[in-house]
Amino acid sequence: MSEPLQTERGRLQIRFRPVADADCGLLYSWLCNPAVAKWWTPPASRNEVVEKYVHRAGENDDFRSYVILLDALPIGYIQSYEDGSETVGIDLFIGEDAYRHQGLGATIIRSFLEDVFGRPAIKRCIVDPSPENTIAISAYQKAGFRRSAQQPDPKTVLMEVEREAE
Ligand SMILES: CC(C)(COP(=O)(O)OP(=O)(O)OC[C@H]1O[C@@H](n2cnc3c(N)ncnc32)[C@H](O)[C@@H]1OP(=O)(O)O)[C@@H](O)C(=O)NCCC(=O)NCCS
């Protein structure tokens, strides 16, 4: 868990809670928010939210999905997926308008990386934002990600960070 954030509202803590069925409505409303939908494919229905984010079926990777909590307040969503290699991929969004573009992104990502690199098999973490998503790219850079030497897909920017040497 990261150090508490010192804010105007006092010291606040970022936490991650596994997504549950009860989060479905909240996730659906966040995903339909144009500020999020610009970068994430909006779901066609609430059922699709359940299938893609709550009980993902038919995929072989180890997929984990979490609600981002600022103290007790749900403010966004973050996920990780592993394919059995040493690499894990992550994605996130801040769903609450009041908490986007306030400088929280890098802190959330850094905190999640602590959890990800707490998994012994994982040595590398990747993200693949759109080249136009300069805010996400900047937040990932602040959290330690760098552009990969190999860029297999021109529609995305592959970025990576390696586990720090112990
Ligand atoms: C991407 C996201 C998680 C980043 O978190 P955030 O808390 O909003 O980002 P920050 O406030 O820390 O800003 C990151 C950088 O963008 C810059 N930035 C913030 N708001 C900006 C704005 N409106 N215009 C231009 N730059 C802006 C900041 O200056 C900061 O860069 P700097 O620290 O080098 O100055 C969040 O914006 C989000 O959820 N966006 C919608 C979904 C999305 O894009 N998800 C990522 C998919 S890969």
Side-chain angles (χ1 to χ4, degrees), residues 1-19 23-44 48-49 52-54 56 59 61 63-83 87-117 122 124-148 150-162:
M1 200 186 297
S2 64
E3 288 297 305
L5 292 167
Q6 191 60 50
T7 72
E8 289 167 4
R9 282 166 276 199
R11 285 162 74 79
L12 299 175
Q13 191 92 52
I14 300 286
R15 293 188 177 85
F16 306 106
R17 169 171 62 67
V19 169
D23 298 313
C24 194
L26 184 60
L27 272 179
Y28 183 70
S29 67
W30 283 342
L31 284 158
C32 293
N33 180 332
V36 174
K38 186 171 178 195
W39 307 111
W40 284 65
T41 311
E48 195 181 310
V49 175
K52 279 180 82 173
Y53 301 99
V54 189
R56 196 157 93 154
E59 303 278 347
D61 58 356
F63 174 79
R64 305 184 197 189
S65 55
Y66 303 89
V67 172
I68 303 165
L69 300 173
L70 183 61
D71 273 3
L73 182 72
I75 61 164
Y77 169 83
I78 194 160
Q79 66 184 33
S80 70
Y81 44 93
E82 290 175 41
D83 61 3
T87 300
V88 62
I90 66 169
D91 287 306
L92 81 155
F93 61 78
I94 297 173
E96 293 296 322
D97 291 336
Y99 295 91
R100 214 176 302 109
H101 308 159
Q102 304 295 316
L104 279 174
T107 305
I108 293 167
I109 297 161
R110 261 191 239 110
S111 179
F112 196 61
L113 283 176
E114 284 178 25
D115 288 10
V116 160
F117 287 128
I122 299 303
R124 176 175 173 258
C125 183
I126 57 168
V127 290
D128 59 351
S130 157
E132 283 102 55
N133 197 348
T134 50
I135 296 178
I137 290 171
S138 176
Y140 288 131
Q141 275 169 342
K142 275 172 81 178
F145 283 85
R146 295 293 171 260
R147 281 170 199 252
S148 301
Q150 310 286 333
Q151 292 294 331
D153 182 354
K155 293 194 290 302
T156 62
V157 178
L158 184 62
M159 303 177 78
E160 62 187 357
V161 61
E162 302 216 342

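As the structure lists them, so they are numbered: ligands from 1, and atoms in each ligand from 1. Predicted, not measured: the structure shown is a model, and the values here were computed from it.
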Selection from I137, I94, I75 by shortest heavy-atom distance to atom 39 (O) of ligand 1:
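Selected option, by shortest heavy-atom distance: I94.
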
Can you list the ligand 1 atoms lying under 4.0 Å from a non-hydrogen atom of [X]?
X	value
A35	41 (C)
Q102	11 (O)
P129	48 (S)
W40	45 (N), 47 (C)
N133	43 (C), 44 (O), 46 (C), 47 (C)
F93	39 (O), 42 (C)

Nearest protein heavy atom to [atom], by residue and atom, and its distance?
atom	result
atom 4 (C) of ligand 1	A139 CB, 3.9 Å
atom 5 (O) of ligand 1	G105 CA, 3.3 Å
atom 11 (O) of ligand 1	G103 N, 2.7 Å
atom 16 (O) of ligand 1	I135 CG2, 3.5 Å
atom 45 (N) of ligand 1	L92 O, 2.9 Å
atom 35 (O) of ligand 1	S138 OG, 4.9 Å
atom 8 (O) of ligand 1	H101 N, 2.7 Å
atom 48 (S) of ligand 1	Y140 OH, 3.5 Å

Could you check whether atom 27 (C) of ligand 1 has a protein contact, counting only heavy atoms that fall below 4.0 angstrom?
yes

[Y] backbone acceptor or donor facing [X] side chain under 3.5 Å:
X	Y	answer
S65	Y53	yes
D128	V157	no
R15	A72	no
S111	I108	no

Do you know the tightest heavy-atom contact between P18 and D23?
O-OD2, 4.1 Å

Of the non-hydrogen atoms in R146 and Q141, which two are nearest, and what is the gap between them?
NH1-O, 3.2 Å

Derivation of the side chain to side chain donor-acceptor pair (under 3.5 Å) call for T87 and R124:
CA-CA 5 Å; T87 300; R124 176 175 173 258; 3.2 Å; yes

I need the [X] [atom1] to [Y] [atom2] distance, nearest 0.5 Å.
X	Y	atom1	atom2	result
E96	N33	CD	CG	8.5 Å
T107	Q13	OG1	CD	11.5 Å
N133	T156	CG	OG1	12.0 Å

Is D91 near ligand 1, meaning one of its heavy atoms is under 4.0 Å from it?
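Per 4.0 Å heavy-atom rule, D91 does not contact ligand 1.
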
Please find out if less than 6.0 Å separates the ring center of Y77 from that of W30.
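No.
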
